[in-house]
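Structure first, commentary second.
For this chain, numbers begin at 1 and follow the sequence in order. Hydrogens, waters and symmetry mates are skipped; everything else that's a heavy atom, side chains included, is used.
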Amino acid sequence: MMQRRSFLALGGVSILALGATGARAQTAPNHARASSPGGVLTVEAFTDNDGRPMYSVLRQGRVVVAPSKLGFLLTDAPAIERGLTLNAGQPITVDDTWEQPWGERQFIRNHYNEWRVAYAETGGLRRRVDVVFRLYDDGLGFRYEFPQQAGLTTVRIGSEITEFNLAENGEALWCPAWEWNREEYLYSRTPIDAVGSAQTPMTVRGQSGLHVSIHEAACIDYAGMNLRRSEETKFRAQLTPGLTNAAVVREAPFNTPWRTLQISDSASGLLDSSLILNLNESNKLGDVSWFKPMKYVGVWWEMHLDLKTWNSGPKHGATTENAIKHIDFAAKHGLGGVLVEGWNKGWDGQWFANGADFSFTEAYPDFDIEAVCAHARSKGVQLIGHHETGGNAFHYEQQLEPAMALYERLGVHSVKTGYVADAQGARVAGPDGQMVMAWHESQAMAQHHMRVVEAGYRHKVAVNAHEPFKDTGLRRTYPNIISREGQRGMEYSAWGNPGNPPEHEPNLVFTRLLAGPMDYTPGIFGMETRSPGGVQTTWAKQLALYVVIYSPIQMAADLLVNYEANPGPFQFIKDVPVDWSESRTLDAAMGDYVVTVRKQRGTDVWALGAVTDEHPRVLKAPLDFLDAGRRYRAEIYRDGPNADYRGKREDIVIEQREVTSSDTLTLALAPGGGQAIRFVPVGRARRG
């Protein structure tokens with residue numbers, strides 16, 4: 001692992017008068033500021049006339065976040081919100097580079113200035129809360145740290161007062177919070193001042209063209225955060241309720257998750273940020289080489305099309321015969337894994353009502369898990385485990401250890417977990433040890449998901465969670481967290497009413513995917529489904545999604561018969577990598593389109609993916625990311641002349657041409673379309 005670390009104490013902090021900007025500095029005892037390493041971003045910390053803790057953010061002297069409140073409402077003590085003074089320390093510069101065991105890029109630079117501001121009450125209980133800012137040139141994170149102190153030992157947080165008072169109006173991409181279907185809602189694109197309660201990441205483009213995405217990082221043993229617009233363009237953090245009247249109960253000392261702002265004057269710059277990962281702690285697990293990034297097929301899509309069932313009976317999908325058929329297909333085509341859903345007892349009846357009937361070690365009689373895993377091993381293929389809980393974390397935890405031990409013994413190194421239940425329908429152990437109801441992103445569920453990750457690590461099993469707690473970059477610290485769902489996946493194109501519209505994937509790029517990998521399950525060729533609009537993309541876009549939507553575990557989600565009947569486009573799915581050394585955004589517009597290139601780890605092969613919304617587009621792709629002086633074979637999969645998500649979705653042109661780094665390709669994308677290209681080195685460039 002390559003590491004470069006530099007720690008430099010800066011020469012103090014600037015003291016500013018309340019309301020001053022970078023151009024108007026005056027001396028005042030309760031107003032300070034610090035900047036990012038390149039001076040791009042500046043944070044001002046201060047208190048108002050009532051001693052309320054406040055902060056603001058400037059980018060190159062221009063206000064991005066206007067004065068915004070900090071603090072807490074507690075359930076058993078006075079609020080920490082006024083009568084405070086601040087003491088700002090000296091910023092410390094950190095500059096290191098760390099290596100991901102797998103990821104969208106291999107090496108990530110972590111260059112920031114860390115600044116600690118202590119807010120302390122001048123009277124009463126004289127409590128203290130520190131706010132730690134980490135300032136990057138492309139964004140910032142800040143978190144609260146509760147030190148050990150006599151006046152505050154057990155901290156019962158009712159809500160945060162944390163505000164994000166955006167300085168200008170513009171457009172927002174957001175999906176609603178507090179609805180029954182968890183994260184799985186279509187995105188709205190509205191003026192910022194028309195947002196209601198939103199999940200994070202929420203991304204905005206201001207009238208000036210500045211892009212800002214609000215999210216959180218390193219959420220451990222804490223409630224998930226949503227955003228509630230309080231007035232105009234001001235938002236306030238809204239914590240997910242807990243098991244009592246407190247959203248969070250912790251013993252001091254402890255820290256909250258980071259509240260994050262990714263900030264860029266371009267869409268591409270926003271997408272290329274590593275802020276969320278950098279704000280997480282370094283790898284605590286060490287070697288996780290037992291997990292290999294892979295593509296997989298599975299007994300899955302046929303259930304969504306109602307051709308098979310999860311439950312037992314004449315249409316049961318998870319049979320030994322069907323699993324072996326998928327294993328043989330995967331081995332023949334060089335795919336690494338096979339997912340089998342519905343193999344274990346408990347799927348009969350209303351399983352989603354409580355999840356209490358699931359066994360995670362007993363198979364249905366028509367599924368011989370020992371024989372299936374032995375056959376997979378003989379073919380060089382891994383079975384991918386599946387644990388649907390029906391949201392019953394309480395029941396799952398009672399079997400968690402033997403379930404993971406079974407997978408370890410069978411050589412199953414990854415598991416897809418599921419929590420299908422209403423947003424407030426999760427079941428956890430209450431304070432008295434009895435089962436109680438909980439929100440999906442409550443502190444109790446954050447604790448549960450970490451118990452699953454830790455159990456998985458003990459047994460060399462990686463976790464791909466569906467209906468999950470949101471992604472906050474914990475894969476850096478726990479790299480057996482490999483992917484997750486956390487938004488509408490491809491299955492909505494199988495039966496959704498409505499299904500996923502053409503703009504859904506470009507919207508995901510600017511929202512959900514800023515948080516981390518998504519198991520979106522692309523690769524559908526059978527475009528007519530139970531959904532009224534079918535799959536609202538073209539074939540070329542389905543291929544491009546393997547590059548645009550990052551995940552180290554990518555599914556070839558369609559029926560095997562559709563791949564066997566279409567070997568031409570299926571070849572790209574077989575060839576496209578899932579583990580990368582570099583990733584870049586060549587061009588993008590929020591919610592409209594994106595062009596992404598990635599370099600395969602350990603090789604000089606690159607891949608390009610371009611997707612658009614319902615509008616056709618002609619985009620330019622300079623190839624200057626390729627090595628100068630080399631020739632490449634561009635294997636192109638593009639929309640045909642009649643391609644359109646409303647018809648002729650299968651119209652695709654597959655061709656090859658020779659290119660160099662000095663070339664620029666023209667990408668013609670059909671409505672709802674895309675383009676996928678693989679660049680393979682073939683020799684040295686000819687001299688002109």
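A tilted orientation is assigned to the rings of Phe254 and Tyr222, their planes being inclined by 30° to 60°. Ring geometry, Trp439 versus Trp178: the interplanar angle exceeds 60°, so the pair is classed perpendicular (tilted spans 30 to 60°). Using bins of under 30°, 30° to 60° and over 60° for the plane-to-plane angle, the ring pair Phe133/Phe142 lands in the tilted bin.
One finds a salt bridge joining Arg259 and Glu216 here, because a Lys/Arg side-chain nitrogen approaches an Asp/Glu carboxylate oxygen to under 4.0 Å. Ion pairing between a basic and an acidic side chain is recognised when a charged N comes within 4.0 Å of a carboxylate O; Arg59 and Glu168 show no such pairing. Note on Glu183 versus Arg512: no salt bridge recorded, every NZ/NE/NH1/NH2 to OD/OE distance being 4.0 Å or above. Checked for salt-bridge contact, Arg52 and Glu81 meet the test: a charged N lies under 4.0 Å from a carboxylate O. Ion pairing between a basic and an acidic side chain is recognised when a charged N comes within 4.0 Å of a carboxylate O; Arg598 and Glu104 show no such pairing.
Donor-acceptor pairing under 3.5 Å is recorded for the side chains of Tyr492 and Glu184. Ser551 and Asp519 share no donor-acceptor pair across their side chains, judged by distance under 3.5 Å alone. Side-chain contact check for Trp174 and Thr190: at least one donor-acceptor pair (N or O, by modelled atom type) lies under 3.5 Å. Under 3.5 Å, the side chains of His448 and Glu397 contain a donor-acceptor pair of N or O atoms. Tyr550 and Ser583 share no side-chain donor-acceptor pair at under 3.5 Å. Checking Tyr520 against Glu505 by side-chain atom types alone, a donor-acceptor pair falls below 3.5 Å. Between the side chains of Ser213 and Thr203, a donor-acceptor pair is found at a separation under 3.5 Å.
Residues Arg427 and Met437 meet the side-chain proximity criterion, which asks for heavy atoms closer than 4.5 Å. Using a 4.5 Å heavy-atom threshold, the side chains of Asn392 and Met435 count as touching. In this structure, the side chains of Phe235 and Thr200 stay at 4.5 Å or more apart for every pair of heavy atoms. Proximity of Val578 to Trp102: side-chain heavy atoms (C-beta onward) are nowhere separated by under 4.5 Å. Between Leu261 and Ile214, some side-chain heavy-atom pair lies under the 4.5 Å cut-off. In this structure the side chain of Val535 never reaches within 4.5 angstrom of the side chain of Tyr645, judged on heavy atoms. Using a 4.5 Å heavy-atom threshold, the side chains of Tyr144 and Leu70 count as touching. By the 4.5 Å heavy-atom criterion applied to side chains, Gln487 and His504 are counted as neighbours.
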- [ ] Let me see the working for Asn113 and Trp115 under side chain to side chain contact (heavy atoms under 4.5 Å, CB included), right down to the final yes or no.
- [x] CA-CA 6 Å; Asn113 288 341; Trp115 185 41; over 6 Å; no
- [ ] Evaluate the side chain to side chain donor-acceptor pair (under 3.5 Å) criterion for residues Ser264 and Asp138: first the C-alpha distance (whole Å), next the side-chain angles of each, then the deciding distance (0.1 Å), finally the verdict.
- [x] CA-CA 6 Å; Ser264 176; Asp138 64 352; over 6 Å; no
TODO: Apply side chain to side chain donor-acceptor pair (under 3.5 Å) to Arg236 and Ser230, showing your working.
DONE: CA-CA 7 Å; Arg236 181 169 166 176; Ser230 56; over 6 Å; no
Task: Steps toward side chain to side chain donor-acceptor pair (under 3.5 Å) verdict (His387, Tyr396) - done: CA-CA 9 Å; His387 288 163; Tyr396 184 31; 2.7 Å; yes
- [ ] Take Asn169 and Thr233 through the test side chain to side chain donor-acceptor pair (under 3.5 Å) and record every step on the way to the result.
- [x] CA-CA 6 Å; Asn169 211 339; Thr233 57; over 6 Å; no
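Without hydrogens or angle criteria, Ser36 side chain to Leu41 main chain gives a donor-acceptor distance under 3.5 Å. For Glu485 (side chain) and His466 (main-chain N/O), no donor-acceptor pair under 3.5 Å exists by modelled atom type. Checking side-chain atoms of Arg105 against main-chain N and O of Arg584 turns up no donor-acceptor pair under 3.5 Å. Counting only distance, with no hydrogens or angles, the side chain of Gln199 and the backbone of Cys175 share no donor-acceptor pair below 3.5 Å. With Thr240 contributing its side chain and Gly224 its backbone, the two residues share a donor-acceptor pair below 3.5 Å. In this structure a side-chain-to-backbone donor-acceptor pair under 3.5 Å is missing from Lys541 to Gln536. Side chain of Tyr593 to backbone of Ala610: no donor-acceptor contact under 3.5 angstrom is found. Using modelled atom types, one side-chain atom of Arg476 and one backbone atom of Asn278 make a donor-acceptor pair closer than 3.5 Å. In this structure a side-chain-to-backbone donor-acceptor pair under 3.5 Å is present from Asp272 to Thr585.
Shortest non-hydrogen contact noted between Glu614 and Pro502 is N-CB, 3.7 Å. Here the closest heavy-atom approach between residue Asp422 and residue Arg182 is recorded as N-NH1, 4.4 Å. Minimum interatomic distance between Phe146 and Ala252 (heavy atoms only, all atoms of both residues): O-CB, 4.0 Å. Here the closest non-hydrogen pair linking Ala393 and Val428 is CB-CG1, 4.2 Å.
A 6.0 Å sphere centred on CD of Glu179 holds more than 12 heavy atoms belonging to other residues, nucleotides or ligands. Counting heavy atoms of neighbouring residues, nucleotides and ligands inside a 6.0 Å radius, atom CD of Glu232 does not exceed 12 of them. Within 6.0 Å of the CZ atom in Arg62, the count of heavy atoms belonging to other residues, nucleotides or ligands does not exceed 12.
Within the model, atoms CG of Leu586 and CG of Leu271 stand 11.5 Å from one another, a figure rounded to the nearest 0.5 Å. Once rounded to the nearest 0.5 Å, the distance linking OG of Ser274 with CZ of Arg109 reads 12.0 Å. One finds the CG atom of Asp613 at 6.5 Å from the CD atom of Glu503 (value rounded to the nearest 0.5 Å). Atoms OG and CD, on Ser35 and Glu44 in that order, are 9.0 Å from each other to the nearest 0.5 Å. We find the CH2-CD distance between Trp300 and Glu491 to be 5.0 Å, quoted to the nearest 0.5 Å. Atom OG of Ser483 is separated from atom CD1 of Ile553 by 7.5 Å, given to the nearest 0.5 angstrom.
In summary, the aromatic rings of His449 and Tyr478 are positioned with their centroids too far apart to meet the 6.0 Å limit. Remark: aromatic rings of Phe510 and Tyr187 are distant, center separation not under 6.0 Å.
The only member of Val57, Asp193, Val204 that meets side chain to side chain contact (heavy atoms under 4.5 Å, CB included) when paired with Leu166 is Val204.
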